[in-house]
Amino acid sequence: MSQTSEDRSQTRGNWTAALGEAAERNLPFSKLLPGTQPAYVASWIYVFGVLTLVCLALIIATGVVLTIFGPSWWHTSLAGHYINSLHFWSVQLFFLFMVVHLWGKFWMAAWRGGRARTWITGGLAFVVSIIAGLTGYLLQTNLDSQWIAFEAKDGLNATGVGAVFNVANLGQILMFHVFLLPAVIAAVVLGHVLWVRLRGVVPPIDAAAIEAARSEGASR
Amino acid sequence: MSTNAQRDIETRPWSGPTRHYDIVKEGVIALIVVTMLVLLLAARFGSPDVPALTFKGWATADPADFVTTAAGELAGTTESAGYGGPYNKGGDGQNLGPLRPAKTIGVTIPVDPANDFVITPLRTQNQPAQVERALEKWSKASTGQQSSWAKAYTDAIADPKGANGDPSKVSGRGFGPVPELSNALLAMAQSGALDGILDAPGRFYSTDNTKQILFMGDGGYLDAAGTKYHLQGNQWGMINETGNYPGQQWLIPVSFWYQLPIFNSNAESGLAATLTANGDIVILSIVGLLALLFLLLPFIPGLRSIPRLIPIHRLIWRSYYRKGKR
Amino acid sequence: MMSHDIPPARFIEHSWLSISVPNAIMVGALIVLFILALVLPFPGGEGSGEQR
């Protein structure tokens with residue numbers, strides 16, 4: 001839809017309108033939710049990003065239930081223990097799928113063509129998830145948590161991080177695991193996915209040569 | 001083909017052939033499949049939950065170790081007492097060259113093992129007259145006198161020709177009120193009263209378990225449980241889990257370094273001794289550097305060319321390349 | 001109630017390498033999944049649905 005010159009003169013200098021127009025221009029719904037993909041998007045390796053997101057959704061859903069009942073519930077309730085098991089296995093699969101996704105994107109050199117931001121946000125999601133995982137293990141309030149708190153404190157203290165981030169402080173770890181780290185992961189993953197849609201899936205290495213040969217063949 | 005044309009095709013919206021692809025349907029199918037898988041795994045295998053150790057359990061199962069540790073706290077010879085930052089000034093912490101972050105930052109989570117683990121918990125309760133007298137004697141003594149009593153007692157417990165680790169077999173004198181205090185703490189722990197009082201003696205709320213973790217880690221009870229489940233640092237412990245369950249395998253890039261002999265050396269001097277003494281800060285610096293390389297991979301010449309040199313992408317995009325040739 | 005002492009995992013030991021059987025299964029699954037994702041043909045990948 002094209003704007004009339006009258007519209008434009010009214011919205012000049014308007015930050016809201018400028019932001020809206022930029023979003024419409026760069027990330028229209030046809031790009032956000034497209035019905036097609038480039039022909040080269042034809043490998044099972046492309047499924048692992050979605051699988052990772054699905055696991056994240058399951059982690060959040062089961063985590064919400066554990067949040068409602070509190071960190072000690074699962075020790076004494078059968079249902080609580082089962083929800084904890086769902087949370088546990090969602091995390092195991094989350095990391096499994098994420099690493100396959102990461103390896104796939106490495107071998108595709110998926111950072112090409114201005115996609116470094118996508119690589120970096122994906123890498124950050126991995127790193128922050130590892131810290132979130134650690135805080136989750138500390139929250140189990142069982143022998144494993146005691147041991148991990150005892151062991152992990154030394155590394156963190158040696159680097160100075162332990163002065164602020166105390167793995168033996170259950171209240172602090174609870175806040176990190178249930179609020180702070182999930183918020184960071186959600187923001188980073190949202191940016192990651194939006195940038196993938198904004199830029200599109202990276203074309204294959206040497207795609208230019210193949211496309212040039214194709215158009216030559218078509219014109220002949 | 002010029003690299004400019006390739007750069008163009010990478011940066012511009014794709015104008016080549018496309019195929020039908022339904023992201024939302026893919027996501028819904030993935031959600032159903034993964035949910036089923038997780039429901040099954042959780043139902044079949046569950047998740048591990050070995051109960052937390054308690055001071056009551058420790059004092060009952062291994063009273064000798066408990067009394068030895070309590071006396072060690074009074075003597076200032078335990079790991080916690082000599083820890084340094086962020087807990088106290090008992091040590092300097094690790095260093096990376098001239099950097100000593102733990103010492104520089106100083107005490108942010110104050111822990112005074114003798115008082116926090118032994119004296120204050122004893123004072124929270126009504127004690128028998130002889131324990132009250134021992135507490136009185138302890139608090140009136142100079143710090144030098146206190147530690148010389150406590151060190152004499154821990155030495156006597158450890159003496160291989162004497163008590164050989166069993167405090168009940170210690171004979172002789174010169175220990176001041178230390179045996180009385182250690183045994184009073186043992187009785188308190190055996191009754192279950194020490195659990196829950198270390199964190200916040202005399203206060204209502206408690207959300208911080210630092211003192212419990214440190215005190216328990218000073219003895220042999222937690223250590224033995226760690227060994228039983230293969231959780232020790234030099235046993236790839238960070239990635240393992242209690243019971244027959246997978247653990248945090250994603251920590252392998254951290255755990256790996258702790259297995260190298262140079263970080264597990266018995267050497268008294270030289271590089272290996274330095275690296276072993278400062279293993280945590282050295283290893284975490286290496287891991288931090290590698291993490292930075294990983295995040296900034298798109299900008300690092302050489303590393304970013306590996307996918308081109310080892311053509312796994314030929315396998316991933318094989319149908320696209322095949323059609324291009326036709 | 002739910003919790004009791006459970007036996008530790010079995011470990012595969014080979015000089016410096018020491019990995020629990022469940023961890024080895026997860027790492028194995030990771031490598032197998034990656035290889036399968038590369039070699040298995042993707043449905044509709046060959047010739048169908050292509051358009052300009």
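The basis for the numbers below is simple: all heavy atoms, side chains too, and nothing from hydrogens, waters or symmetry mates. Sequence lines set the chain letters: A, B, ... in the order given, protein chains first and strands last, and positions in each chain run from 1.
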Within the 6.0 Å centroid threshold, strictly below: W14(B) and Y40(A)
yes
Distance-only side-chain donor-acceptor flag, T210(B) / N166(A), under 3.5 Å:
yes
Which portion of I148(A) sits near chain B, non-hydrogen atoms under 4.5 angstrom:
side chain
Name the region of N278(B), side chain, backbone, both or neither, that has any atom closer than 4.5 Å to a heavy atom of chain A.
neither
Within the distance-only criterion (no hydrogens, no angle test), does the side chain of E211(A) pair as donor or acceptor with the backbone N or O of A208(A) below 3.5 angstrom?
no
Would you find more than 12 non-hydrogen atoms of other residues, nucleotides or ligands less than 6.0 Å from F299(B) atom CZ?
yes
Winner by heavy-atom pair count (cut-off under 4.5 Å) against chain B, out of A110(A), G160(A), A207(A), G122(A):
A207(A)
Do the side chain of Q212(B) and the main chain of F55(B) share a donor and acceptor less than 3.5 angstrom apart?
no
Does the plane of the ring in F106(A) sit parallel, tilted or perpendicular to the ring in W119(A)? Use 30° and 60° as the thresholds.
tilted
Bottom line for Q232(B): the part with an atom under 4.5 Å from chain A's heavy atoms is both
Most heavy-atom pairs under 4.5 angstrom with chain A, which of I283(B), T207(B), T108(B)?
T207(B)
Turns out that what part of L102(A) lies under 4.5 Å from chain B's heavy atoms comes down to side chain
Is P13(B) in contact with chain A via its backbone, its side chain, both, or neither, using a 4.5 Å heavy-atom distance?
neither
Of all of T104(B), T242(B), L96(B), which one pairs up most often with chain A through heavy atoms under 4.5 Å apart?
T242(B)
Is it the side chain or the backbone of L99(B) that comes within 4.5 Å of chain A heavy atoms, both, or neither?
neither
Checking heavy atoms, do the side chain of L134(A), its backbone, both or neither come under 4.5 Å from chain B?
both
If we define contacts as heavy-atom pairs under 4.5 Å, which of D144(A), V164(A), V91(A), V50(A) has the most with chain B?
D144(A)
Atom group of I105(B) that falls short of 4.5 Å from chain A, counting heavy atoms:
side chain
Looking only at G247(B), G243(B), G237(B), most heavy-atom pairs under 4.5 Å shared with chain A are made by G247(B)
Top contributor to chain B contacts, counting heavy-atom pairs under 4.5 Å, from V167(A), D154(A), V47(A), L156(A)
D154(A)
Where does P311(B) contact chain A at under 4.5 Å (heavy atoms): side chain, backbone, both or neither?
neither
Is the W58(B) to F215(B) ring centre distance short of 6.0 Å?
yes
Quick check for you: among R112(A), Q172(A), E151(A), which has the greatest number of heavy-atom pairs under 4.5 Å with chain B?
R112(A)
Side-chain donor/acceptor of T76(A) to backbone N/O of W73(A), under 3.5 Å:
yes
Pick one of side chain, backbone, both or neither for K31(A), based on which atoms fall under 4.5 Å of a heavy atom in chain B.
neither
Which atoms of I109(B) are under 4.5 Å from chain A, going by heavy atoms: the side chain, the backbone, both sets, or neither?
side chain
Check D218(B), N88(B), D116(B) against S80(B) for a side-chain hydrogen bond (donor to acceptor under 3.5 Å, both in side chains) and give me the one that passes.
D218(B)
Honestly, the part of I205(A) sitting under 4.5 Å from a heavy atom of chain B is both
Relative to chain B, which segment of I45(A) carries a heavy atom at a distance below 4.5 Å: side chain, backbone, both, or neither?
side chain
Highest number of heavy-atom pairs under 4.5 Å with chain B: which of S145(A), A163(A), C55(A), S90(A)?
A163(A)
When heavy-atom pairs shorter than 4.5 Å are enumerated against chain A, which of G93(B), P101(B), S206(B) gives the highest number?
P101(B)
Let me know if L315(B) has heavy atoms under 4.5 Å from chain A in its side chain, its backbone, both or neither.
neither
Test side chain to side chain contact (heavy atoms under 4.5 Å, CB included) on I185(A) and L124(A); report intermediate values, then the result.
CA-CA 8 Å; I185(A) 291 173; L124(A) 268 179; over 6 Å; no
Please report the C-alpha distance between R314(B) and D206(A) in whole Å, then the side-chain angles of each, then the deciding distance to 0.1 Å, and finally whether the salt bridge (Lys or Arg N to Asp or Glu O under 4.0 Å) criterion is met.
CA-CA 10 Å; R314(B) 290 267 145 199; D206(A) 298 330; 3.4 Å; yes
Which bit of V24(B) is near chain A, if near means a heavy-atom gap under 4.5 Å: side chain, backbone, both or neither?
side chain
Expected output: side-chain W257(B) to main-chain D280(B) donor-acceptor under 3.5 Å
no
Can you tell which part of Q146(A) gets under 4.5 Å to a heavy atom of chain B, answering side chain, backbone, both or neither?
both
T141(A), part contacting chain B, at a heavy-atom distance under 4.5 Å:
backbone
Within the distance-only criterion (no hydrogens, no angle test), does the side chain of H177(A) pair as donor or acceptor with the backbone N or O of A132(A) below 3.5 angstrom?
yes
Go through Y21(B), F294(B), W250(B) and name the one with the most non-hydrogen pairs under 4.5 angstrom from chain A.
W250(B)
Taking the side chain from N240(B) and the backbone from H230(B), do they hold a donor-acceptor pair closer than 3.5 Å?
yes
Quick check for you: among F95(A), Y46(A), F88(A), which has the greatest number of heavy-atom pairs under 4.5 Å with chain B?
F95(A)
Note, R308(B) side chain near W107(A) side chain (heavy atom, < 4.5 Å):
no
Over 60° means perpendicular and under 30° means parallel, so classify the ring planes of Y321(B) and H313(B), tilted if in between.
perpendicular
Which atoms of L297(B) come close to chain A, meaning under 4.5 Å heavy atom to heavy atom: side chain ones, backbone ones, both, or neither?
both
For R199(A), does its backbone N or O pair with a side-chain atom of R115(A) as donor and acceptor, under 3.5 Å?
yes
Do the ring planes of H101(A) and H192(A) sit parallel (below 30°), tilted (30 to 60°) or perpendicular (above 60°)?
perpendicular
For D49(B) and H75(A), which I'm curious about, is there any donor-acceptor pair between the side chains at under 3.5 Å?
yes
Could you tell me which portion of R197(A) (side chain, backbone, both or neither) has an atom closer than 4.5 angstrom to a non-hydrogen atom of chain B?
side chain
Residue L58(A) versus chain B: region with a heavy atom under 4.5 Å:
side chain
So for L39(B), is it side chain, backbone, both, or neither that comes closer than 4.5 Å to the heavy atoms of chain A?
both
Any idea which of V34(B), L284(B), L231(B) has the most non-hydrogen atom pairs under 4.5 angstrom with chain A?
L231(B)
